[in-house]
Amino acid sequence: MSWRADVLTIFPSMFPGPLGESLAGKAMEAGSWSLKVTDIRDFGLGRHRSVDDTPFGGGAGMVMRPDVLDAAIGSVADATLGSVADKRPLIVLTPRGAPLTQKRVRELAEGPGVILLCGRFEGIDQRVIDARQAEEVSIGDYILSGGEIAALVLLDAAIRLLPGVMGAAISAVEESFSAPLLEYPHYTRPAVWAERAVPETLTSGNHAAIAAWRLAAARQTTKTRRPDLYNQYIASGAPAP
Ligand code: ADE
């Protein structure tokens with residue numbers, strides 16, 4: 001069975017959005033993955049199909065109700081219970097979450113799929129997160145207006161790793177000796193553009209020299225921009241430059 005993504009949101013029209021195009025779109029057409037979007041408001045309460053309420057303890061903004069969210073989650077996660085249990089992790093996109101890493105993305109891509117809950121307003125009642133044993137994930141230290149774009153980011157990162165979606169190109173680059181360094185800079189024709197020449201080594205045809213140049217460039221960029229990654233790289237036993 002192919003990789004399955006369920007998304008729970010109050011803005012269903014935001015999906016598949018960019019995932020309907022390009023690589024992810026083609027992979028969806030080819031059946032490598034599927035997407036089902038559920039409108040949380042379908043489980044809303046009262047005439048206004050309300051999904052949120054004011055926070056206990058006071059403060060600004062609104063909080064998404066646990067009963068409404070649980071009903072929405074149950075409509076997708078429990079649907080397969082009794083036959084084959086739904087083994088997909090439930091992930092809540094929130095700036096309070098643990099940072100998303102390539103390692104976690106790889107694990108998710110290797111599994112059966114994901115159920116993504118997109119938060120809006122000030123937050124989500126913690127009890128439904130705890131009761132459903134949801135994993136809280138953040139895509140970075142900045143605040144989006146909701147979890148929808150974060151969900152798109154997570155899905156995009158996972159889909160490109162699905163078997164057959166990008167072919168051999170990925171593992172060759174990603175699992176290369178240079179991980180976890182940032183990538184070296186890229187150049188193509190023309191060899192001279194706007195009075196700027198491509199680094200000489202890259203046009204030399206000397207493959208060993210090219211590999212050495214790229215590794216040195218990757219190290220230098222990483223050292224400057226991401227000292228955290230660089231220290232990890234050195235600590236992992238990489239040969240000193
Ligand atoms: N929702 C709002 N900001 C977010 C972030 N940085 N990551 C995940 N979900 C979010």
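Counting starts at 1 for both ligands and their atoms, in listed order. Because the structure is predicted, anything quoted here is derived from the model rather than measured. Residues take their numbers from the sequence shown, with the count starting at 1.
Scanning all protein heavy atoms for the shortest distance to atom 7 (N) of ligand 1 gives I139 N, 3.0 Å. At the shortest separation from atom 10 (C) of ligand 1 among protein heavy atoms lies P95 CD, 3.5 Å. Looking only at heavy atoms of the protein, atom 6 (N) of ligand 1 is closest to Y142 O, 2.9 Å. T94 N, 3.1 Å is the protein heavy atom nearest to atom 9 (N) of ligand 1. Closest protein heavy atom to atom 3 (N) of ligand 1: L144 N, 3.0 Å.
Distances below 4.0 Å separate heavy atoms of A150 from the following atoms of ligand 1: 8 (C), 9 (N). Residue G146 approaches ligand 1 through these ligand atoms, each under 4.0 Å from one of its heavy atoms: 1 (N), 2 (C).
Distances between N or O atoms of I143 and those of ligand 1 include no value under 3.5 Å. Remark: ligand 1 and V137 share no N or O pair separated by less than 3.5 Å (distance only, no angle test).
A salt bridge links D125 with R127: the closest approach of a Lys/Arg side-chain nitrogen to an acidic carboxylate oxygen falls below 4.0 angstrom. A salt bridge between R106 and E110 is absent, with no side-chain N of the basic residue lying under 4.0 Å from a carboxylate O of the acidic one. Between K26 and E29, none of the side-chain N atoms (NZ, or NE/NH1/NH2) sits under 4.0 Å from a carboxylate O, so this pair counts as no salt bridge. In summary, R65 and D70 do not engage in a salt bridge, as defined by a charged side-chain N under 4.0 Å from a carboxylate O.
When hydrophobic clusters are built by joining Ile, Leu, Val, Met, Phe, Trp and Tyr residues whose side-chain heavy atoms come closer than 4.5 Å, directly or via intermediates, L100 is grouped together with V114.
A heavy-atom distance below 4.5 Å is found between the side chains of I91 and L108.
More than 12 heavy-atom neighbours from other residues, nucleotides or ligands sit within 6.0 angstrom of NE2 on H186.
Between G119 and ligand 1 there is no heavy-atom distance shorter than 4.0 Å.
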